[in-house]
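Quick notes on the structure that follows.
In what follows, chains carry the letters A, B, and so on, assigned in the order in which the sequence lines appear, proteins first and then strands, with residues in each chain numbered from 1.
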Number of protein chains: 2
Amino acid sequence: MSKKILIVEDEQDILQLITFHLQAEGFATLTALNGIKGLELAKEQIPDMILLDLMLPGMDGLEVCKTLKRDPKTENIPVVMLTAKGEEIDRIVGFELGADDYITKPFSPRELILRLRAILRRYETEKPTPSKISFGDLQIDLDSYRVWIDKEQIYLTITEFNLLLELLENKGRVRSRNQLLDRVWGYQFDGYARTVDTHVRRLRQKIGPYADAIETVRGVGYRFKDSE
Amino acid sequence: MSKKILIVEDEQDILQLITFHLQAEGFATLTALNGIKGLELAKEQIPDMILLDLMLPGMDGLEVCKTLKRDPKTENIPVVMLTAKGEEIDRIVGFELGADDYITKPFSPRELILRLRAILRRYETEKPTPSKISFGDLQIDLDSYRVWIDKEQIYLTITEFNLLLELLENKGRVRSRNQLLDRVWGYQFDGYARTVDTHVRRLRQKIGPYADAIETVRGVGYRFKDSE
DNA sequence: AGCTTAAGTGACATTTGCGTGACGCGGACG
DNA sequence: CGTCCGCGTCACGCAAATGTCACTTAAGCT
């Protein structure tokens, strides 16, 4: 059964973006445009997780979080705070108030999904989602963001890691440069599509023997081989 | 291949401005001055996106949007509402009616383009097209852009791939050279119609045993065989 | 059969797309 | 405050893909 996630966010475009990507990942989504509505929905629907914007009209995210954590009905639902960069101080406060994690805007969809999955995994008792992905001797640990080839750890940057993951998780499917920008870099990126090329190159370099598992589809994009 | 965008807007100067900038960005544009015309064009041309002004003479934007979303032919086309500042309330209404995004006037061309790009990108992934097509032992995977004959992979260029797809998806129907140019090459292609011949030839060569599944209709165009 | 017109074919010049190395910026960190 | 690292951009060169043309072959018509 797919997980139900409540998103409380007042900015329509961000809300849309998040719901879109979560739905694409197979989550069920509920949305609220302000804290009050959010609380109501949380109590009524008991979602599996709540994404909570810090800055909300009326009742702000902290307040909402506090209230949720006080109610036995909702206290066990993991809460992830969405904060804008620069609201650093509030991170701690968020934790003190019982939020379970935070993510700073702007974030890439990839990042968001990784984070949510990790948290859900932590909370999940019944059916654990895999925290490792592998392709031949290439192994990836989603929780620790580490990668090994043949037991030997290799060091990727976040961008490279996300790129690799995005391609690997969609093995066999061609991703255009724009799709990759959208999913790995995020909505705020406004730049040169060939930036992707450079990162693909760096990634290929680092994954040495698996370099050609990332296939180039001329005129379209890149694709991770779907068989070893 | 450039995207086709329908703009429905009654104010001539804004319309002009938008078309100008979109064309400069390489989009193909269709225009309508009122809702009725807009609907007609949408159904007839199936654009990749619709820019819809909220305030229109006769049938207003909301009405048009609702109608579009009710028709299975057009329901999947992303609709972006153009609203004047101050029509805030209507934003939500717009979403309720199925609009996919909105942009408030006045906007900068840059802003508009960025927004449209983002939305188009978002929709590229979502298209629920079947991912495989086959004809006898000829198999095509749309996701990975690969083609096999009798389990053996063959390598087509994208033009060849798209051409094959266009013919195969319209099995039995004759396509003229100009139609093929339009659909495979794109709206802006202005060149020699016999270029198609060359590509048909290359394609036939590569698909060897299926070469004569692509039939020549003398004086008209090409057609993919109806039955195997 | 002979003529006319359309399609097939091979060669070629040009264009396009990708890989690559280098560079500069800005933030993180000591 | 200086250094280092990751990132985004750019310019260049190679190789593949593309579009065009001239020529050949086939098809349809009288």
Return the set of residues passing salt bridge (Lys or Arg N to Asp or Glu O under 4.0 Å) with [X] (not counting sequence neighbours), or none when no residue passes.
X        : result
A/Arg194 : A/Asp197
B/Lys43  : B/Asp71
B/Arg173 : none
B/Arg175 : B/Glu166

Take atom CD of A/Gln205 and atom C1' of C/dA22, then tell me their distance rounded to the nearest Å.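 That distance rounds to 13 Å.
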Separation of B/Tyr192 atom OH from C/dC12 atom P, in whole Å?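 Value for this atom pair: 18 Å.
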Going 5' to 3' along DNA chain D, between which two nucleotides do contacts with chain A fall, using a heavy-atom cut-off of 4.0 Å?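 So the outermost contacting nucleotides come out as D/dG6 to D/dA17.
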Would you be so kind as to tabulate the donor-acceptor pairs closer than 3.5 Å made by side chains of residues 145-155 of chain A, with sequence neighbours excluded?
{"residue": "A/Arg146", "atom": "NE", "partner": "A/Ser144", "partner atom": "OG", "Å": "3.1"}

Once side-chain hydrogen bond (donor to acceptor under 3.5 Å, both in side chains) is applied, do any residues pair with [X], and if so which ones, sequence neighbours excluded?
X        : result
A/Thr159 : none
A/Arg201 : none
B/Glu215 : B/Arg223

Each nucleotide N or O in nucleotides 5-8 of chain C that has a protein N or O under 3.5 Å away: list the pair and distance.
{"residue": "C/dT5", "atom": "O2", "partner": "B/Arg218", "partner atom": "NH2", "Å": "2.8"}
{"residue": "C/dA6", "atom": "O4'", "partner": "B/Arg218", "partner atom": "NH2", "Å": "3.1"}
{"residue": "C/dA6", "atom": "O3'", "partner": "B/Gly219", "partner atom": "N", "Å": "3.3"}
{"residue": "C/dA7", "atom": "OP1", "partner": "B/Arg177", "partner atom": "NH1", "Å": "3.4"}
{"residue": "C/dA7", "atom": "OP1", "partner": "B/Gly219", "partner atom": "N", "Å": "2.8"}
{"residue": "C/dA7", "atom": "OP2", "partner": "B/Arg177", "partner atom": "NH2", "Å": "3.3"}
{"residue": "C/dA7", "atom": "O5'", "partner": "B/Arg177", "partner atom": "NH2", "Å": "3.4"}
{"residue": "C/dA7", "atom": "N7", "partner": "B/Arg194", "partner atom": "NH1", "Å": "3.4"}
{"residue": "C/dG8", "atom": "OP1", "partner": "B/Arg204", "partner atom": "NH1", "Å": "2.7"}
{"residue": "C/dG8", "atom": "OP1", "partner": "B/Thr216", "partner atom": "OG1", "Å": "2.7"}
{"residue": "C/dG8", "atom": "OP2", "partner": "B/Tyr222", "partner atom": "OH", "Å": "2.5"}
{"residue": "C/dG8", "atom": "N7", "partner": "B/Arg194", "partner atom": "NH2", "Å": "2.6"}
{"residue": "C/dG8", "atom": "O6", "partner": "B/Arg194", "partner atom": "NH1", "Å": "3.3"}
{"residue": "C/dG8", "atom": "O6", "partner": "B/Arg194", "partner atom": "NH2", "Å": "3.3"}

A/Thr195 near the nucleic acid: base, sugar-phosphate alone, or nothing, with a heavy-atom cut-off under 4.0 Å?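 Here A/Thr195 touches the bases of the nucleic acid.
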Give B/Thr198 one of three labels, base, sugar-phosphate or nothing, depending on what nucleic acid heavy atoms sit under 4.0 Å from its own.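 The residue B/Thr198 makes base contact.
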Under the side chain to side chain contact (heavy atoms under 4.5 Å, CB included) test against A/Met59, which residue among A/Thr67, A/Val8, A/Asn34 passes?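 Checked A/Thr67, A/Val8, A/Asn34 against A/Met59; only one passes side chain to side chain contact (heavy atoms under 4.5 Å, CB included): A/Thr67.
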Rounding to 10 degrees, work out the angle separating the end axes of the helix from C/dA1-D/dT30 to C/dG30-D/dC1 (five pairs an end).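 Helix axis angle between the two ends: 30°.
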Sequence neighbours excluded, which residues qualify as side-chain contact (heavy atoms from CB on, under 4.5 Å) partners of B/Ala193?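 Per chain and number, B/Ala193 pairs via side-chain contact (heavy atoms from CB on, under 4.5 Å) with B/Arg177, B/Asn178, B/Leu181.
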Let me know, please, whether A/Gly191 or A/Lys206 comes out on the 5' side of the other along DNA chain D by nearest nucleotide.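 The 5'-side residue here is A/Lys206.
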Tell me, with the steps shown, if A/Glu169 and A/Arg110 meet salt bridge (charged side-chain N to carboxylate O under 4.0 Å, His left out). CA-CA 11 Å; A/Glu169 279 188 334; A/Arg110 264 249 70 82; 2.7 Å; yes
